[in-house]
Enquirer: 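Have a look at this one before I ask anything.
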Amino acid sequence: MFVAASSRCFPELPLDRCLDKLADLEYTATEIVLGNRTNDLHPEWIAADPDLMTRLCLSNRSIVPCSLFLDIEPDDPYFQQKFNLCSQLAKRIKVALIIVRSAQLGTPYNEEVERLSRLTRIGVENGLLVAVLTEAGRFTEMPESICSMCRSLTNLKIALDPSWFIFGKKKAVEFDSVMPYVSHIRLRDTTTSAFQVQIGQGVQEYGKLVVQLHKVHYNKALCVDLAPLPDLNQESEMRKMRLLLESIL
């Protein structure tokens with residue numbers, strides 16, 4: 001296992017400066033977000049100049065991309081084209097994992113299975129893994145539904161965000177059953193009433209999580225995903241989180 005950080009941890013910075021900042025904080029790996037926010041890498045840019053986008057993602061040799069997160073809603077009319085562009089970039093920068101969001105609850109189950117099946121087939125053809133992110137209000141909000149999907153789709157993996165099994169719940173939801181399918185982890189400190197809190201103020205059990213991951217021989221990223229919080233120094237929070245995870249590993 002190794003510690004990584006999302007490119008959204010410094011949302012006010014363009015991608016190249018964000019990567020420099022993460023490297024300065026001694027992170028060695030990153031999850032690069034493709035989406036529509038200010039510092040995201042926009043999928044359309046890949047189509048316009050794939051060489052430039054490749055150089056941008058690899059602009060700092062001290063930090064290596066370990067995954068791409070395609071933060072595009074599944075019902076986006078151009079989702080498939082954007083996923084294909086994301087796959088092209090992944091191959092160029094030698095990233096083996098693409099993370100996508102699952103459909104919102106209310107979407108027909110068979111429709112979502114067909115969509116994810118199509119994505120995993122494209123992934124296999126390109127030597128890539130596709131992982132679906134755990135989130136509330138979507139098909140991946142409960143462990144049972146995620147495992148059911150993974151049993152139906154052999155090549156589908158899970159990007160586990162444990163915060164969603166804590167925040168908004170009276171009691172934290174156990175998620176041991178998803179562990180064999182996990183290919184990515186997103187982390188922050190969380191409580192039942194706040195999705196993100198200051199490092200050390202939450203109830204996230206990092207030690208227990210690492211033990212669970214060791215049991216399934218997980219050897220991939222523990223990705224820090226901290227949004228800036230009011231009155232807190234983001235660099236300090238990022239540094240504390242890295243040191244905390246590294247001490248556990």
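Hydrogens, waters and symmetry mates play no part in the numbers below; they use all other heavy atoms, side chains included.
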Enquirer: Quick one: are Leu209 and Leu187 in side-chain contact, heavy atoms under 4.5 Å?
Expert: yes
Enquirer: Side chains of Arg55 and Ser59: do they bring a donor and an acceptor to under 3.5 Å?
Expert: no
Enquirer: Enumerate donor-acceptor pairs with a distance under 3.5 Å from any side-chain N or O in residues 61-73 to protein atoms, sequence neighbours excluded.
Expert:
{"residue": "Asp71", "atom": "OD1", "partner": "Arg101", "partner atom": "NH1", "Å": "3.1"}
{"residue": "Asp71", "atom": "OD2", "partner": "Arg8", "partner atom": "NH1", "Å": "2.7"}
{"residue": "Asp71", "atom": "OD2", "partner": "Arg8", "partner atom": "NH2", "Å": "2.7"}
{"residue": "Glu73", "atom": "OE1", "partner": "Arg138", "partner atom": "NH1", "Å": "3.2"}
{"residue": "Glu73", "atom": "OE1", "partner": "Arg138", "partner atom": "NH2", "Å": "3.3"}
{"residue": "Glu73", "atom": "OE2", "partner": "Arg101", "partner atom": "NH1", "Å": "3.4"}
{"residue": "Glu73", "atom": "OE2", "partner": "Arg138", "partner atom": "NH2", "Å": "2.7"}

Enquirer: Who pairs with Ser148 by side chain to side chain contact (heavy atoms under 4.5 Å, CB included), at least two apart in sequence or on another chain?
Expert: Tyr109, Arg151
Enquirer: State whether the number of non-hydrogen atoms from other residues, nucleotides or ligands found under 6.0 Å of Lys215 atom NZ is greater than 12.
Expert: no
Enquirer: Just distance, no hydrogens or angles: give the donor-acceptor pairs under 3.5 Å from side chains in residues 14-23, sequence neighbours left out.
Expert:
{"residue": "Asp20", "atom": "OD1", "partner": "Asn60", "partner atom": "ND2", "Å": "2.8"}
{"residue": "Lys21", "atom": "NZ", "partner": "Glu235", "partner atom": "OE2", "Å": "2.7"}

Enquirer: Over 60° means perpendicular and under 30° means parallel, so classify the ring planes of Phe195 and Trp164, tilted if in between.
Expert: tilted
Enquirer: Do other residues, nucleotides or ligands put more than 12 heavy atoms under 6.0 Å from the CD atom of Glu246?
Expert: yes
Enquirer: Are the side chain of Arg188 and the backbone of Leu226 linked by a donor-acceptor contact shorter than 3.5 Å?
Expert: no
Enquirer: Within 45° of the axis and under 6.0 Å from the centre of the six-membered ring of Phe83, does NZ or CZ of Arg118 qualify?
Expert: no
Enquirer: Using distance alone, with no hydrogens and no angle criterion, decide if Asp189 and Gln198 have a side-chain donor and acceptor under 3.5 Å apart.
Expert: no
Enquirer: Can you see which heavy atom on Glu141 is nearest to which on Ala136, and at what distance?
Expert: CB-CA, 3.8 Å
Enquirer: Ignoring hydrogens, what is the shortest heavy-atom contact between Val3 and Thr28? Give both atom names and the distance.
Expert: O-OG1, 4.3 Å
Enquirer: Excluding sequence neighbours, so at least two apart, what forms salt bridge (charged side-chain N to carboxylate O under 4.0 Å, His left out) with Lys240?
Expert: Glu237
Enquirer: So, using salt bridge (charged side-chain N to carboxylate O under 4.0 Å, His left out) as the criterion, who are the partners of Glu174 when residues are at least two apart?
Expert: Lys208
Enquirer: Check which hydrophobic residues are tied to Ile166 through side-chain heavy-atom contacts below 4.5 Å, counting indirect links as well, and list them.
Expert: Val203
